Amino acid sequence: MDTVTTIAAVREHVRAWRRQGLRVAFVPTMGNLHAGHVSLIEAARRHGERFVASIFVNPMQFGPNEDFAHYPRTPLEDARMLASAGCDLMFSPEVREVYPNGAERATRVEVPGLSRVLCGEFRPGHFEGVSTVVAKLFHIVEPDVAVFGEKDFQQLAIIRRMVADLCMPVEVIGAPTVRDADGLAMSSRNQYLTAQERSVAPIIYATLQAAATRLAAGDAEIASIERCGVQTLEQAGFRPDYFAVREAPDLNPPSPGARNLVVLTAARVGKARLIDNVQVTRP
Ligand code: PAF
């Protein structure tokens, strides 16, 4: 695996592959890789012939009181994991390479509507930071295909919309969430959990599944399902930002005939804010 830190070097590698007619797959990450990220590289391997991963903790997607400074950074371990997962090129730029005029003054990409609901309501500016950096990374890497985890369901929906709206020639693939044996979705932020918090964290997935079971059985009482989810999480000691049933393609509240739904939640415990979701098809 080659490691590069400049835009010019990424382009040189990728354009050489393109001249050979090779299909390039890209996995953007913020590093601190775990098995969930490895599964994204494995998904990328099914869709391309050369693989690029970026490691970039993007300041623009962190709010003023969020964990940018403390976000776990493990570059050596990340490089080792990417190389053994079969990645060909790791792009790990400095902030000034991506935002030469500073992140605050950079041109921004905003996906209206989708960016303001659910997590967007509780993390103002977060998704603008995500769509901006992903647009920049797509222009830098020029991949044929890019893979994102379904754990960040709203992020994936926003990126799909951005790609469609801006006619970007990139195929966006969603890869299934990877979970610990007890159901907790893998996330770099799980390491903020104390042992006691970690022991209750699987309740998030269990509560989402309980809601999905009700929906799959034809229960149409959306407000009651959402209320019940919030109560269960609160009783377990979480502070839920939301527990919501939405239409999967556009995250709108479900219309009576909509069949493809997703139940999503974001819940805080201690220093961690955990997100997860379960997709469900209604009868
Ligand atoms: O999901 C992430 O790790 C980040 O939001 C992403 C897509 C790499 C953009 O910084």
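Atoms within each ligand, like the ligands themselves, are counted from 1 in listed order. Note that the structure is predicted; figures quoted are calculated from it, not measured.
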Legend entry - For atom 3 (O) of ligand 1, the protein heavy atom that lies nearest, with its residue and separation: M30 CG, 3.6 Å
Inset, instruction - Show which atoms of ligand 1 fall inside a sub-4.0 Å distance from at least one heavy-atom site of Q61. - result: 4 (C), 5 (O), 9 (C), 10 (O)
Inset, instruction - Tell me yes or no: between the side chains of Y205 and D182, is some donor less than 3.5 Å from an acceptor? - result: no
Inset, instruction - Measure from atom 5 (O) of ligand 1 to every heavy atom in K136, K151, Q155 and give the option owning the shortest one. - result: Q155
Legend entry - Residue portion contacting ligand 1 (non-hydrogen atoms closer than 4.0 Å) for I159: neither
Inset, instruction - For this output row, return yes or no: ring centroids of F62 and Y71 closer than 6.0 angstrom. - result: yes
Inset, instruction - Give a yes or no on whether Q191 atom CD has more than 12 heavy-atom contacts from other residues, nucleotides or ligands under 6.0 Å away. - result: yes
Inset, instruction - State whether the number of non-hydrogen atoms from other residues, nucleotides or ligands found under 6.0 Å of E49 atom CD is greater than 12. - result: yes
Inset, instruction - Please assess S255 against E247 for the test side-chain hydrogen bond (donor to acceptor under 3.5 Å, both in side chains), listing each intermediate value before the final yes or no. - result: CA-CA 8 Å; S255 54; E247 292 191 16; 2.8 Å; yes
Inset, instruction - Output the list of atoms in ligand 1 that are nearer than 4.0 Å to some heavy atom of V133, sorted by atom number. - result: 9 (C), 10 (O)
